[in-house]
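A quick write-up on the structure given underneath.
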Amino acid sequence: MGGDGTPERTRVVLGEVAAQRRPADRSHADLAEQTPVGEALVKGLVRAQLALALRLALVVVTGLGALPLLFVAAPAVGTLKVFGVNLPWVLLGVLSFPFLVGVGWAYVHWAERNEQDFIALIRKPER
């Protein structure tokens, strides 16, 4: 107690604790605080994912859309038989599914790579 009967004040400094809670680098803070830099980083990732999706959608539309055009342009191809079934049925009814699964697998693989590149960019120490 002080000389006038009041308790002594104790000063508590929390500056070190607050400094430890901050992200280790600026990129994490930009993302967490949704700064313009963080928004630009996220928009870059979204653009990369959209570009990938559009490219693979073009592959699917071209791959599957070209088949009916082929059968119209070359009617003899449409009359070919594979295991007793017309070729158009085999291509569109059976082989299109493995094609779509392959495109889906490729999308997931490349989208994950985009995300790993994004994480590597965020974790890269500032120089």
Side-chain angles (χ1 to χ4, degrees):
M1 290 205 146
D4 61 351
T6 59
E8 290 185 30
R9 291 182 146 188
T10 304
R11 183 176 174 148
V12 177
V13 179
L14 299 175
E16 293 175 21
V17 174
Q20 291 175 354
R21 279 186 265 167
R22 289 188 192 127
D25 61 69
R26 194 68 211 147
S27 298
H28 286 286
D30 288 334
L31 287 174
E33 296 169 6
Q34 296 178 350
T35 64
V37 173
E39 284 183 31
L41 289 169
V42 171
K43 281 183 182 180
L45 175 63
V46 170
R47 273 192 215 111
Q49 299 291 49
L50 177 62
L52 173 62
L54 292 175
R55 283 193 308 267
L56 289 178
L58 185 62
V59 167
V60 169
V61 168
T62 303
L64 294 180
L67 290 175
L69 295 176
L70 170 70
F71 301 137
V72 168
V77 175
T79 60
L80 292 175
K81 300 241 183 217
V82 177
F83 301 115
V85 180
N86 287 340
L87 183 63
W89 283 104
V90 172
L91 291 176
L92 292 172
V94 177
L95 296 180
S96 63
F97 293 106
F99 172 68
L100 291 173
V101 169
V103 170
W105 177 86
Y107 175 77
V108 169
H109 177 73
W110 290 329
E112 287 176 351
R113 189 184 67 195
N114 285 344
E115 291 172 2
Q116 290 169 354
D117 292 345
F118 176 75
I119 291 170
L121 176 69
I122 298 303
R123 289 187 179 163
K124 183 172 61 173
E126 292 182 4
R127 295 178 185 177

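As a basis for the values below, the full set of heavy atoms in this structure was taken, side chains included, without hydrogen atoms, waters or symmetry mates.
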So how far is it from Lys43 NZ to Leu45 CG, rounded to the nearest 0.5 Å? 13.5 Å
Nearest 0.5 Å, please: how far is CD in Gln49 from CG in Leu52? 6.5 Å
Minimum heavy-atom separation for Ser96 and Leu64, please, with both atom names. CB-CD2, 3.8 Å
Just do the side chain to side chain contact (heavy atoms under 4.5 Å, CB included) check on Val82 and Leu91 with the steps written out, would you? CA-CA 10 Å; Val82 177; Leu91 291 176; over 6 Å; no
Can you measure from CG (Leu69) to OG1 (Thr62) and round to the nearest 0.5 angstrom? 10.5 Å
Sequence neighbours left out, what pairs pass ring pair (Phe, Tyr, Trp, His ring centres under 6.0 Å) with at least one residue falling in residues 81-110? Trp105-His109
CG of Leu54 to CG of Leu58, rounded to nearest 0.5 Å, is 9.0 Å
Work out which heavy atom in Thr79 is nearest to a heavy atom in Ala76; give both atom names and the distance. OG1-O, 2.7 Å
How many angstroms lie between CG in Leu92 and CG in Asn86, if you round to the nearest 0.5 Å? 11.5 Å
